[in-house]
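Okay, so here's the structure we're looking at.
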Amino acid sequence: MDKLSVEHLLGIKYLNPNDIDLIFKTADHFKEVINRPIKKVPSLRDITIANLFFENSTRTKLSFELAEKRLSADVINFSAGQSSVKKGETLIDTVNNILSMKVDIVVMRHGNVGAGVFLSKHVDAKIINAGDGTHEHPTQALLDSYSIREKLGSVKGKKIVIVGDILHSRVALSNIFALQLQGAQVKVCGPTTLIPKYISSLGVEVETNLKKALEWCDVANVLRVQHERMDIKYFPSTREYTQLFGINNQILDNLGKKIVIMHPGPINRGVEITSDVADSDQSIILNQVENGVAVRMAVIYLLAQQIKR
Ligand code: CP
């Protein structure tokens, strides 16, 4: 059987093109499964998975839990807000206590960059990074690429622009790695204050004119401004941000072509994207969410195959 080249899913930067291919082929199978009347397979009946969320989440948390249950794994959930982390317990102590309950795989979202890598070196379980601070969100990037492949036939050769707050976005960084591994061209577009200085070292061009960026691309992946990660003001006002970088029907209608619109959620309607665009037939936002379950089933299934039973 084909195997992933990695023992954990800590970031897209640790994957190679064959890994992505294998994840997508496995996800194709699971997408068919979750569209059957009985949406469940017994593959992971002997596996226990802990979902540890130290940061808020709606889509990722529910999507992982559903993926695990569709694979028949036993699932336990942990949210930092209601846990003994508030009493001063360390991350390693918290996780080792959970692992002593015979847990095989840990899915973790954490506010600190590198939290998943750190954990993978200190505990005996498979680790899946569900978002670490401003660093990586690998399953989001995989489901984004999977959705582009589904909509346009392939990712190779496609032109993708990522619009918005690139500086604070783990979705942007993981998408850049994933898209480039598959042979896509990537540009970013946003206020210069929200573009990281290292971006050119990743082979990514910057376009600060939204109209030009949209004229160039096949797909626009639109990001939310992450006010919760900002301790200073990066642009004068939300109104000005929306005027310069908000996607609306008027700007799309004037392109003379139909581009694909994506957004990882949560959406701030009327700020980075208008409702008529988010809900239009150009938008694949809800397809992304649907594909997230199949892609996460694939990642969990492939990592579980490496566990000695
Ligand atoms: N896209 C994403 O990570 O959404 P959540 O924060 O709701 O999980």
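None of these values were measured; they are calculated from a predicted model.
For D132 (side chain) and H110 (main-chain N/O), no donor-acceptor pair under 3.5 Å exists by modelled atom type. A distance-only check finds a donor-acceptor pair linking the side chain of S280 to the backbone of V277 [under 3.5 Å]. Judged purely by atom type and a 3.5 angstrom limit, N175 uses its side chain to pair as donor or acceptor with the backbone of V171. T94 contributes a side-chain N or O that, together with a main-chain N or O of T90, makes up a donor-acceptor pair within less than 3.5 Å. S79 contributes no side-chain N or O that, together with a main-chain N or O of F53, makes up a donor-acceptor pair within less than 3.5 Å. Q306 contributes no side-chain N or O that, together with a main-chain N or O of H8, makes up a donor-acceptor pair within less than 3.5 Å. When atom types are taken as modelled, the side chain of D19 and the backbone of N16 share a donor-acceptor pair closer than 3.5 angstrom. The backbone N or O of N287 lies less than 3.5 Å from no partner atom in the side chain of E150, so there is not a single donor-acceptor pair. Within the 3.5 Å criterion, the main-chain N or O of V271 finds a donor-acceptor partner in the side chain of T242. For the pair N96 (side chain) and L99 (backbone), a donor-acceptor distance under 3.5 Å is absent.
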Side chain to side chain donor-acceptor pair (under 3.5 Å) assessment of Q140 paired with D144: CA-CA 6 Å; Q140 179 69 47; D144 288 345; 2.9 Å; yes
Working for side chain to side chain contact (heavy atoms under 4.5 Å, CB included), residues S43 and M297: CA-CA 10 Å; S43 316; M297 285 173 82; over 6 Å; no
Derivation and outcome, side chain to side chain donor-acceptor pair (under 3.5 Å), residues N77 and E65: CA-CA 8 Å; N77 290 306; E65 188 172 345; 3.1 Å; yes
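Interatomic distance, CD of E207 versus CH2 of W216, reported as 10.0 Å (0.5 Å rounding). With rounding to the nearest 0.5 Å, the separation of OG1 in T193 from CG in D165 is 8.5 Å. Separation of atoms NZ (K31) and CG (N291) is listed at 4.0 Å; rounding is to 0.5 Å. Atom CD of residue Q282 and atom NZ of residue K151 lie 9.0 Å apart, to the nearest 0.5 angstrom. Rounding to the nearest 0.5 Å gives a distance of 7.0 Å between OG of S283 and CD1 of I267. One finds the CG atom of L223 at 12.0 Å from the CZ atom of R170 (value rounded to the nearest 0.5 Å).
Under the 4.5 Å side-chain heavy-atom criterion for ILVMFWY residues, a single connected hydrophobic cluster contains both L255 and V163. I92 and V117 fall within a single hydrophobic cluster, where Ile, Leu, Val, Met, Phe, Trp and Tyr side chains are chained together by heavy-atom contacts under 4.5 Å. Under a hydrophobic clustering in which Ile, Leu, Val, Met, Phe, Trp and Tyr are joined whenever their side-chain heavy atoms come within less than 4.5 Å, directly or via other members, V206 and L194 fall into different clusters. Both F177 and I127 belong to a single network of hydrophobic side chains, linked directly or stepwise wherever heavy atoms of I, L, V, M, F, W or Y lie under 4.5 Å apart.
Among all heavy-atom pairs drawn from S174 and P138, the shortest one is OG-N, 3.7 Å. Of all non-hydrogen atoms in P266 and E272, the two that sit nearest each other are O-OE2, 4.2 Å. In terms of heavy-atom proximity, F245 sits nearest to P191 at CZ-N, 3.4 Å. Smallest separation of non-hydrogen atoms from Y241 and G164: OH-CA, 3.1 Å. Considering all non-hydrogen atoms of both residues, V75 and N51 come closest at CG1-ND2, 3.4 Å. Nearest heavy atoms, R109 versus N56: NH1-O, 2.9 Å.
The shortest side-chain heavy-atom distance between S154 and Q182 does not fall under the 4.5 Å cut-off. With a 4.5 Å cut-off on side-chain heavy atoms, L22 and T26 count as touching. Two residues are said to be in side-chain contact when any heavy atoms from C-beta on lie closer than 4.5 Å; L10 and S120 meet this criterion. You'll find the side chain of I176 stays beyond 4.5 Å of the side chain of I12, heavy atoms only. Annotation: side chain of V225 is not in contact with side chain of N268 (no heavy-atom distance under 4.5 Å). By the 4.5 Å heavy-atom criterion applied to side chains, K126 and L9 are not counted as neighbours. Considering only heavy atoms from C-beta on, I300 stays 4.5 Å or farther from F30 through its side chain. Using a 4.5 Å heavy-atom cutoff, the side chains of T139 and H137 are in contact.
For K257, the NZ atom sits in a packed shell: over 12 heavy atoms of surrounding residues, nucleotides or ligands are nearer than 6.0 Å. The neighbour count for I38 CD1, taken as heavy atoms of other residues, nucleotides or ligands under 6.0 Å away, does not exceed 12. The local environment of NZ in K156 is sparse, with at most 12 non-hydrogen atoms from other residues, nucleotides or ligands closer than 6.0 Å. Within 6.0 Å of atom CZ in R45, 12 or fewer heavy atoms from other residues, nucleotides or ligands are found, so the atom counts as exposed in its surroundings. For NZ of K13, the number of neighbouring non-hydrogen atoms (other residues, nucleotides, ligands) closer than 6.0 Å is greater than 12. Shown here is E32, whose CD atom has more than 12 heavy atoms of other residues, nucleotides or ligands within 6.0 Å. Within 6.0 Å of CG in N35 there are more than 12 heavy atoms belonging to other residues, nucleotides or ligands.
For K187 and E205, the salt-bridge test passes: some basic side-chain N is under 4.0 Å from an acidic carboxylate O. Under a 4.0 Å N-O distance rule, the pair R269/D279 qualifies as a salt bridge.
Listed by chain and residue number, E55, Q226 satisfy the side-chain hydrogen bond (donor to acceptor under 3.5 Å, both in side chains) test with R229 (two or more places apart in sequence, or in another chain).
Aromatic rings from H168 and Y234 are positioned such that their centres are separated by under 6.0 Å.
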